[in-house]
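These numbers come from the heavy atoms of this one structure, side chains and all, not from hydrogens, waters or symmetry mates. Letters go in sequence order (proteins before strands), and every chain restarts at 1.
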Amino acid sequence: MNILLRPRPSSRLRELTMPFVAVAASLAICSFLILIAGANPLRAFSIMFSAAFGGQFEITETLVRAAPMVLTGLAALVALRAKFWNIGGEGQLLVGAMAAAYIGTLEWWPVALLVPGMLMAAAMAGAILCAVPACLKMYLRVDEVVTTLMLNFIVMFLLAALLSGPWKDPVSGWTDSPDILRAAEFPILIQRTSLHLGVLVALIATIVIGVVMKYSTFGFSIRVTGENPKAAHYAGWRLAHVIILVALLSGALAGLAGAGEVGGVQFQVIGSISAGYGYAGLVVAMLARLSAIGVIPAAIFLAGIGTGADEMSRQTGVPFFIADAVQGISLIAVLIAMTLASHRLVVIRGSKTRSTV
Amino acid sequence: MSANPAVLQFNGITKRFGKVVANEDVSFELHPGEVIGLLGENGAGKTTLMNVAFGLYRQDAGEILVDGEVCQFSSTAHAISQGIGMVTQHSNVVERHTVLENIMVGLPGRGGRLDHAGTIMLLESLREDYGLWLAPDRLVSSLAVGERQRLDIIRTLVRRARVLILDEPTSVLTPQETEGLFAAISALQSDGVGVIFITHKLAEVRRIAGRVVVLRHGKVTANIENDGALTNEELARLMCGHEPEQVTRHAHKLGAPRLVMKAVQLQSPGGKLQIPAPVNLTIHSGEVVGIAGVSGNGQVELAETLAGMVVAKSGTVKIDDRDVYGSTPKEMQAAGLAYVPEDRIGVGLAGSMSLRENLVLTYADHPRFSNWGWFKLREVERFGNELIKAYDVRPANLDTPVGLFSGGNQQKIIVARELAFGPKVLVIAQPTRGLDVASTNFVHREIMQLRSQGCAVLLISDDLDEVMQLSDRVAVMYENTIVCDLSREKASVEKIGLAMTGAVENGDGIAA
């Protein structure tokens, strides 16, 4: 017997339904985990749903949580499109947060330029951090998976050192950075909600990235490089330039996510400022199947699971970590579904009419 | 011979891929000691049929009989165990292991251990019977292409193949190596091995095949004895259903030198230490220079150097008196050079991207197609439709990923793109590899058209007939340099064949 994957013609319907099938499959698998934890999966999921999308407050909370994942998702998307394996979204987000928090506390900085300055600084910090592994890859052939991932830990401990050293609150002794100035707090988009400027930034970034990837020669060079680097070289692009530009863009997007968390949510840097958003960005990009528009529903889905799991955990006693399980399982399910959308699984049995010579 | 039971019989084989019928009700039989030449245009279903016979595909209808018994293969291993052996164009070998180790891969061995002595004895017997021999302790990485093919044949024979399927075996061989292969085939034949020989070269079929089976659109359209009276024209008609037009080549006066390479030291492949002799080559306006040679002797390096993808170690390269040594691909394009690489899907195209995007792959920054880094979508669309029409690309859909087009259409796509802006210099490698008669004629006509417009053409091809047919001058590459540069009148298959093996025989000296 022989089990094989056979390519099959693409179908729009299959491509569109596939992410939903994958999500449904991952929820089904997670209901077993909920059962094991001693709760009724249907009840758990209904609590999760109403906690995430049950009303205006819940929806805005979910959107605020989705915003950084949209940005890290776009960061992952741009990099993966060029086959630059940027696993460092988390570190880039953190340096972005640190840069934004630093600018946000500067008394002498022009007040009107505080918010733009924070966004700029965060984007630049993320971009520079991501450009380091890109240069190492292109000029010294150092594998970027290792370097981007390891930089996450370096940045994490750098932040910890800052928080327990120079940024430590001298009075209370809390390991939090000083609060940013009032004028540095991001404006609220809709009164009496928590929808801040960072959500708008995420939305605009999605549109810009979508248009650039599809209609610009730069986006074209990224896609060709990822699809076939030899063809990109043949066509006349310099691979090193394309990859380094991609890294700058990817890092900048992840850095912006950090600015949003500082300027719109925490108003300071704390050790747990990122709930794994950098890593979640990879899941978001894969769930979105590397389409910019798809990043938004994918991020909202994961954010909803996150906010929902909080509430479900309180009401049913199922550990919050079920959210991480859904995230991980849905990634695997989507990867499998992507293969099955374009391939058919065939089992071949041979006849035994002849004995082996 | 028909008194013997067939060693392999196809009985009404039908194979579909979705809506496409690749093989329809194909029936013929192969007897022990018979050589069948399997002919057909691209997409006629030859390879599909052989993959069914080798257990890679499963037929939708019909049956395969081995020695008169129905056999349904579940895998290639199953097919091999039934005595079917296939040698494809690209061998799957472990480069850093020896000939013997490569042969022993997959053999049962003795009591869980590799059987070195027994395998060597087997090899000795193959040497005696068929004259097929390779020193068992040689590293595969040191083998030439022809030797690798011999290794593949030996591997199948060691597994007691009684049916040998050869898929375009001579496209990588020199004329002399081809003779050696034919000698081995006739020795196998007299020992009762049945051979199916797939090729595009009609003369070879006429020479060695006892019977010719022609496939067209997946069906058998001819199954005839080769009585020695078959002609190329007749076979070509059977393959494509009509008389193919001949490409005519008019004599004309050459213009000024367009492409001049002086003392260009090519990079050697795989970082070998041996330093190749420098290349000197001049191509005039309106001249086609054909490069012959066994593949892997620097043809790709020469082409990529000219395309700017690789920088030569030293030397001068000039296009119309402009020094372009060390230019990037983009600068070479700007200097008027177009390059059709031999590896279509690996270099020339981005497989999963659409036809529309692939048609502007090398023109993204051309002012006709983009402005300030943004594509002019309507212009790209118009250009795509023009080329589809001019080159009859099928399916005529700009949104189809190029990876889904047939090899012939992929080649048309690259040729269409590269010729679109009338290049001054065209480097075109293996322009018709795997193309059927009609597409081949089309590409040949395009090359001749460019020649009459004053383009300097460097034609690199493994197909000696093609080189001889189109070239004003023929140069031969051996070990990363040009060893022989002959005018059309002085070039003969014998001279070129010798030069391809490194035994230099230069008719009129290295042309300046």
Side-chain angles (χ1 to χ4, degrees), chain A residues 1-12 14-15 81-83 208 211-242 245 289-290 338 341-344 346-357, chain B residues 17-20 55-58 63 66-67 69-79 81-83 159-160 162 304 307-309 328-334 339 341 343 345-353 357-358 360-365 369-375 377 401 403-404:
Chain A
M1 200 179 79
N2 213 342
I3 300 173
L4 299 171
L5 276 177
R6 287 277 160 71
R8 60 175 165 185
S10 62
S11 120
R12 270 277 148 81
R14 231 174 5 237
E15 305 251 311
R81 269 293 172 93
K83 297 256 162 69
V208 169
V211 172
V212 164
M213 290 305 288
K214 199 158 181 204
Y215 300 117
S216 74
T217 54
F218 174 54
F220 188 47
S221 72
I222 294 175
R223 287 184 288 131
V224 174
T225 301
E227 167 67 28
N228 184 350
K230 274 197 171 160
H233 178 50
Y234 160 72
W237 287 295
R238 295 193 183 203
L239 294 187
H241 293 187
V242 174
L245 283 173
R289 304 189 49 245
L290 302 189
M338 269 166 86
S342 57
H343 292 75
R344 191 194 309 277
V346 265
V347 179
I348 294 182
R349 284 191 189 81
S351 71
K352 299 270 172 156
T353 52
R354 284 172 57 94
S355 59
T356 308
V357 173
Chain B
F17 293 103
K19 284 178 194 152
V20 183
L56 279 165
Y57 292 156
R58 183 184 200 137
E63 51 196 15
V66 177
D67 292 338
E69 284 184 60
V70 179
C71 234
Q72 178 61 60
F73 300 133
S74 62
S75 65
T76 54
H78 189 184
S81 73
Q82 300 303 311
R159 286 162 180 73
R160 299 177 204 289
R162 292 166 303 129
E304 294 201 335
M309 295 171 70
T328 63
K330 194 151 270 182
E331 288 160 354
M332 291 307 282
Q333 287 162 18
Y339 173 38
D343 188 352
I345 212 73
V347 177
L349 299 168
S352 72
M353 292 172 69
E357 293 183 312
N358 272 281
V360 293
L361 186 66
T362 46
Y363 303 126
D365 294 325
F369 303 119
S370 66
N371 211 346
W372 298 100
W374 296 95
F375 278 112
L377 299 177
L404 298 182

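The shortest distance between side-chain heavy atoms of B:L361 and A:F220 falls below 4.5 Å.
Heavy-atom distances place both the backbone and the side chain of A:R223 under 4.5 Å from chain B. Both the backbone and the side chain of B:A364 have a heavy atom closer than 4.5 Å to some heavy atom of chain A. Of the two parts of B:Y363, neither the backbone nor the side chain holds a non-hydrogen atom closer than 4.5 Å to a non-hydrogen atom of chain A. At a 4.5 Å heavy-atom cutoff, the contact between B:L349 and chain A is made by backbone atoms alone. Within the 4.5 angstrom heavy-atom criterion, only side-chain atoms of B:Q333, from C-beta onward, approach chain A. Heavy atoms of B:S352 lying under 4.5 Å from chain A belong to its backbone as well as its side chain.
For the pair A:Y234 and B:P341, the tightest heavy-atom approach, listed with the atom from each and the gap, is OH-CD, 3.6 Å. Shown here for B:M309 and B:Y339, the closest heavy-atom pair between the two residues is SD-CE2, 3.8 Å.
By the 6.0 Å contact criterion, CZ on A:F218 is enclosed, its count of non-hydrogen atoms from other residues, nucleotides or ligands being greater than 12.
A salt bridge links B:D365 and B:K330; the closest N-O separation between the charged side-chain nitrogens and carboxylate oxygens is under 4.0 Å.
Among B:S370, B:P329, B:G373, the residue with the largest count of heavy-atom pairs under 4.5 Å with chain A is B:G373. Of the listed residues (B:V360, B:T362, B:I345), the one with the most heavy-atom contacts under 4.5 Å to chain A is B:T362.
Using a distance-only test at 3.5 Å, with no hydrogens or angles considered, a donor-acceptor pair links the side chain of B:N358 to the main chain of B:A350.
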